[in-house]
Each structure stands twice: as structure tokens, then as C-alpha cells.
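Every chain is numbered from 1, with letters handed out A, B, ... down the list of sequences. Just the heavy atoms: all of them, side chains too, but no hydrogens, waters or symmetry mates, feed the values below.
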2 protein chains.
Amino acid sequence: MNPLDATRGMMDGLGTEANVCVKCGSRSIGLCAPLDVAALDDMSGESERLSLDPRDAIFHQGDAARYVYTLTEGMARMTRVLPDGRQSVIGFRFAGDLLGFTPGAEHAFGAEMLTRGTVCRLDRRRLEQLFRRYPVLERRFLDLCVKELAASQDHILALGRFNAEERVAAFLVSLAEAQERRGRPGPVFDLPATRADIGEFLGLTLETVSRAISAFRKRNWIRLHGHSGIELTDRESLIGLGSGEGSCAA
Amino acid sequence: MNPLDATRGMMDGLGTEANVCVKCGSRSIGLCAPLDVAALDDMSGESERLSLDPRDAIFHQGDAARYVYTLTEGMARMTRVLPDGRQSVIGFRFAGDLLGFTPGAEHAFGAEMLTRGTVCRLDRRRLEQLFRRYPVLERRFLDLCVKELAASQDHILALGRFNAEERVAAFLVSLAEAQERRGRPGPVFDLPATRADIGEFLGLTLETVSRAISAFRKRNWIRLHGHSGIELTDRESLIGLGSGEGSCAA
DNA sequence: CGGACCCTTGACTAGTCTCAAGCTAGGTGG
DNA sequence: CCACCTAGCTTGAGACTAGTCAAGGGTCCG
């Protein structure tokens, strides 16, 4: 398991059930999976589908948390801003992932699209009703949440203990794994996040991310295809660097 | 709200109900709070109380996750180890906090006592039964988990964007708040974590932590009382430094 | 084709780590 | 009760990683 796995979506590892969310029309992996058809109908009754462009906000930090979102198409980032303007990317989300679920009154972070895409939003009070009607759904959320927590702890470990190249290597590997889990096996995959996004996620500057990527390129570990395509040509080396088997060998 | 709040326990902010866990004998704030007396009886029927010394492990990373623990007395740290031996403190836990809950088969991190103390452990299969019998308990866990997740994200932000003094300031303030929430209002509070523990939590070396603490002492922001007592004499300054209102003012 | 945005690379700086030495507090045993 | 002993803390000097500032180049879109 990759120690830097915060690009893992909330829906990962929850089986391959592929019930179709009536309103979204997309495979709503995970969230709806344990529900029967009546429940799905119930659920999509009040959900809305929205199309978004790159850089569009799905919701802002501090917004009233009225809705819960499912990213049905595209890739998004979650960001948190400090009072002085410094900001950090908390994580990324892919098609099929859940977004913005909180028991609090406000969203603790913002979410923006990196690519063109669509989200399906469900009123939160409606979700609470669904929890009461279908208790299994609540259990699903608990499992998701604990997995997400484990991913955050991996990220904490990476931020606290990995150097720049280790962080970038771990990020690239986890990005590749995330896309493969979502059924894109090709050797070339999408990297819609800019160097600045990656840097804000990894606690680095965009220049440092760029230098790490250039170093990998020079070692023939990766190959770039245009601005948003990347291929891992020596994944073993990247995994070795990015999984904490590095310098301080025990 | 302090951005570095990963010292906030899983039980925080869940009201002040103070039902007494029959077996533990301690105020089991939070977890048992929504349950009636019959449920409490039920719950404590198979729980065991253990006394532990400083440095004793509560459980190890990789152990089968047979039990869920409540720290009833003392302070503990949660640690994660990389293949090469580098380790990181993921967070701290105080009296009243929950520890080791996971839907996975193994504990993803280890937990060790920092002080002498006691834990109350409950068989996990028993907990699953309790979830079925008292659905409100499951909701409680979900709320705890989401709060914990928010705390992790704050920690990620601090690790990615704060410099050494900002991290240490944020840590000291959150430690003070955690102890006050648990009813120790005194100006002097416990700091049972060593400089090395703090450093591993904050992604710093023990020397850097020591230098930051010395700097605060010279500015009369804090006063040390022996090896494990600390007093925040100028909390405003610490909060200012530790909440991200710093250098890069917008 | 033009422009905007993003990426790359270089030179220099600053912050943190590393290594090392000495100190202090608190506990232990005589 | 006191001296010793150990673990943890402090401080310093130098090395090194990553940040900052700046200039130039590539890619993609309209």
C-alpha cells in the first residue's frame, strides 16, 4: 500500500457493485451500492445534476453545508485557506467519489474542478432522512469516513517525513493507481493538476515539483505527453522511492 | 479555531453528558452518552480495564484489530512506522478519547502510553452487535470520525504550510485547549510528550522543537515548570503565530 | 497566428537538519 | 540524605534541502 494515498477517493475499495443512480445516469459506485432499486429511486428523487468547467467551484470553504455531492465526471481538488491567504490542497477527487459530506453547519474546505465535469448534488436533510430509512447507508458512510481518515494519516506521514522527490514519486504512483482503479489501464494517464496544485498538496513549491519531475524524466522513470499526459515507464523505481524504503534504511 | 487541532480527541465537542461507564468507572464522555442505562450495562458487560505504564503499547501497528479502546486515564500517542524505520506521531489522545476503531482487519497505526494510565477495551465484534442494537451509537461514531477527519486536514495544512515556530505554537495552544476541555483550567498544564514526540508529530527534529520552545521562553510567551509542566503566559501571541495570520499577510 | 498560461531552469538565500558537546531534572541506590 | 546516573533538554556550528526571485521556453486555445 502506498503511504501517500490521499488521492485515494472516498469510494475506493468498496467493492465493484455498479448500481446506476437513476438521476445521475452514472455508475454510482459505493454510495448507492447497498441500496435496492426503491431506495435508489428515493435518493435520486431530489438530486440535481450540474455541469462544471475547469476552475469552477463546487462549493466554497465556509459555505452552508446544504448539499452532499458525488463527482460523476472529471477531477476536482479540495482546498483549505488560512486567514493570511496561504492555501493548501487537502486532496483530489475523481469520478465516483463523494464530496462535501460533513455533520457540521459549514464546509470546512472548498472544492474546485480541475477538468470539465459533472456533479450530482443531494440535499443534506434528504440524506439524513435516507439514513433513518436505510440504516445500511449510514454504515457505508462510516466505512468511507474511516478509510478517508487512514488516507489522511498516510498523507500526514508523507508531509512530515518524506523529502521532495519521495513525495512527488508517491503522488504520481497513487494518481496512477487511482485512475487504474477507475478503469483506465493505459500506460499514459491524465495529470490535470498543475505543478502549483501538486505543490500545494505536497507542501512544496511549484518549482520544486517541476525539478522532481524533471529529475524523474532524466532517469527515464516517466515520460510526459503534452501538458496533461504522463506515463510511468519505471514504476518500480517510483514505488521504491515513494513508499518510504529510502535513505535511512533500518 | 486553531488550524492545528490534531491533538483534539475524537470525543471533543460532543456535549457534556456524563454517563458513567459501569465497568470503567470513569466518565465515558461521548461514546456512551447517547445510550440509556440498559445499553451501558450491555456495553460494559464484555469490556475490560487495563492499567498501563509510560511507554507501554496499547496495541501495535499491524496487530489484528480485535478491540476498540477508550483511554480512561492518562495520555497516549499514535504512531505510524515506514518500512525503512522512519516513524511519525499521527496524533495524541487524552482521557475520554476513543482509540483504535477501524473497519479494517489490522490496526494501521500503533498506540503507546506517554503517562501512567488506564484503558478500557471492548471486543470489536461486540461493538458491531451494539451498532445493530443501538443505531444511535453508529451515528455517534460517524460524527466522531468526521470530526477526526477535519482535525487531520488541519494538521495536513500545518505540516504543508507552517514553519517550525508556527507549528510549535499551534501545538502548544491546541494542547492547552485539549486539557481545558477536559477540565484542567490551571495556568500550568502537563506536557508529557518529549521534544522528540512533538517533533515527530510536527514533522520537525527534536532540536528544532527545542529551539522554538526556547525562543518562546525568551519572549516570555511561555514558562516551563520542571520537565513536564508548561504555562502559556502570552497566549494571544502564540495563537497569532499558530493560526496562520503570519508572514504572508494578504 | 497570437496570447495566455504553465512549465523549466538557474542563481542565490533562508530555514531546517545533522552532528556534537554540555547541561538539568528527577529518580535510584548506597 | 546525598551522590550518582540516566534520560531528556539546550545550544552551537556547519551542511544541505527546499524556497525565492527571475528569465526564458513550450503548449494549447481561441
Side-chain angles (χ1 to χ4, degrees), chain A residues 53-55 77 86-89 112 114-116 158-169 171-172 188 190-219 222-230 241 246-248, chain B residues 53-55 77 86-89 112 114-116 158-169 171-172 188 190-219 222-230 241 246-248:
Chain A
D53 287 325
R55 292 161 183 266
R77 63 172 196 195
R86 279 179 290 188
Q87 86 171 21
S88 194
V89 173
E112 300 98 39
L114 292 174
T115 63
R116 199 173 304 275
L159 287 176
R161 291 277 161 266
F162 281 11
N163 66 24
E165 287 197 358
E166 288 170 330
R167 293 184 210 179
V168 175
F171 170 75
L172 293 177
V188 180
D190 274 353
L191 180 59
T194 66
R195 303 289 184 266
D197 287 324
I198 300 170
E200 282 181 6
F201 178 61
L202 298 176
L204 300 169
T205 59
L206 69 93
E207 293 95 333
T208 301
V209 174
S210 181
R211 279 184 245 270
I213 288 178
S214 294
F216 296 160
R217 194 155 35 93
K218 280 168 191 154
R219 286 173 217 157
I222 62 173
R223 195 180 305 164
L224 299 181
H225 297 260
H227 255 170
S228 70
I230 185 166
L241 187 60
S247 41
C248 326
Chain B
D53 288 325
R55 292 161 184 270
R77 64 171 195 196
R86 279 179 290 187
Q87 88 171 20
S88 194
V89 173
E112 300 97 36
L114 293 174
T115 64
R116 198 174 305 277
L159 288 176
R161 290 277 161 266
F162 282 11
N163 65 24
E165 288 198 357
E166 288 170 330
R167 292 184 211 180
V168 175
F171 170 75
L172 292 178
V188 180
D190 274 353
L191 181 60
T194 66
R195 303 288 184 267
D197 287 325
I198 300 170
E200 280 182 7
F201 178 61
L202 298 176
L204 301 169
T205 58
L206 68 93
E207 293 95 331
T208 302
V209 173
S210 181
R211 280 184 245 270
I213 287 178
S214 294
F216 296 160
R217 195 155 35 93
K218 280 168 191 153
R219 287 172 217 158
I222 62 172
R223 195 179 304 164
L224 300 181
H225 297 260
H227 257 168
S228 71
I230 185 166
L241 187 60
S247 40
C248 327

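Here C:dT8 is the nucleotide among C:dT8, C:dA25, D:dC28 with the atom lying nearest to any side-chain atom of A:S210. For B:L224, the listed nucleotide lying nearest its side chain is D:dT10; candidates were C:dT16, C:dC19, D:dT10. Closest approach to the A:H227 side chain among C:dT18, C:dC7, C:dT9 is made by C:dC7 (side chain taken as heavy atoms from C-beta onward). For A:L204, counting side-chain heavy atoms from C-beta on, the closest listed nucleotide (C:dA25, C:dC7, D:dA18) is D:dA18. Distances were taken from every side-chain heavy atom of B:E207 (C-beta onward) to each of C:dT9, D:dT11, C:dC17; the shortest belongs to D:dT11.
In this model, the phosphate group of D:dT11 is approached by a side-chain N or O of B:S214 to a distance below 4.0 Å at OP1 or OP2. In terms of phosphate contacts, B:R195 brings a side-chain nitrogen or oxygen within less than 4.0 Å of OP1 or OP2 of D:dT10. A sub-4.0 Å separation between OP1 or OP2 of D:dA18 and a side-chain N or O of A:T208 is absent. Side-chain N/O atoms of A:R217 include one lying less than 4.0 angstrom from OP1 or OP2 on C:dT8. For D:dG8, one of the phosphate oxygens OP1 or OP2 lies less than 4.0 angstrom from a side-chain nitrogen or oxygen of B:R55.
Going from atom CZ of A:R86 over to atom P of D:dT20 covers 11 Å, rounded to whole Å.
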Side-chain donor-acceptor pairs of residues 201-212 of chain A under 3.5 Å, sequence neighbours excluded:
| from | atom 1 | to | atom 2 | distance (Å) |
| --- | --- | --- | --- | --- |
| A:T205 | OG1 | A:T208 | N | 3.3 |
| A:T205 | OG1 | A:T208 | OG1 | 3.0 |

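Each end of the helix from C:dC1-D:dG30 to C:dG30-D:dC1 gets its own axis from five base pairs, and the two axes differ in direction by 40°, given to 10 degrees.
Residues A:L191 and A:I198 share a closest heavy-atom pair of CD1-CD1, 4.1 Å. Residues B:F162 and B:R167 approach most closely at O-NE, 2.8 Å, considering heavy atoms.
With salt bridges taken as basic N to acidic carboxylate O contacts below 4.0 Å, none links B:E200 and B:R86.
If you check every strand for non-hydrogen atoms under 4.0 Å, A:G203 touches sugar and phosphate atoms only.
Under the 3.5 Å distance criterion, the side-chain polar atoms of B:R55 are left unmatched by any main-chain donor or acceptor of B:L114. One N or O on the side chain of B:E166 and one on the backbone of B:N163 form a donor-acceptor pair closer than 3.5 Å. Using modelled atom types, no side-chain atom of B:R161 and backbone atom of A:S88 make a donor-acceptor pair closer than 3.5 Å.
With hydrogens and angles ignored, no donor-acceptor pair under 3.5 angstrom links the side chain of B:R211 to the base of C:dG15.
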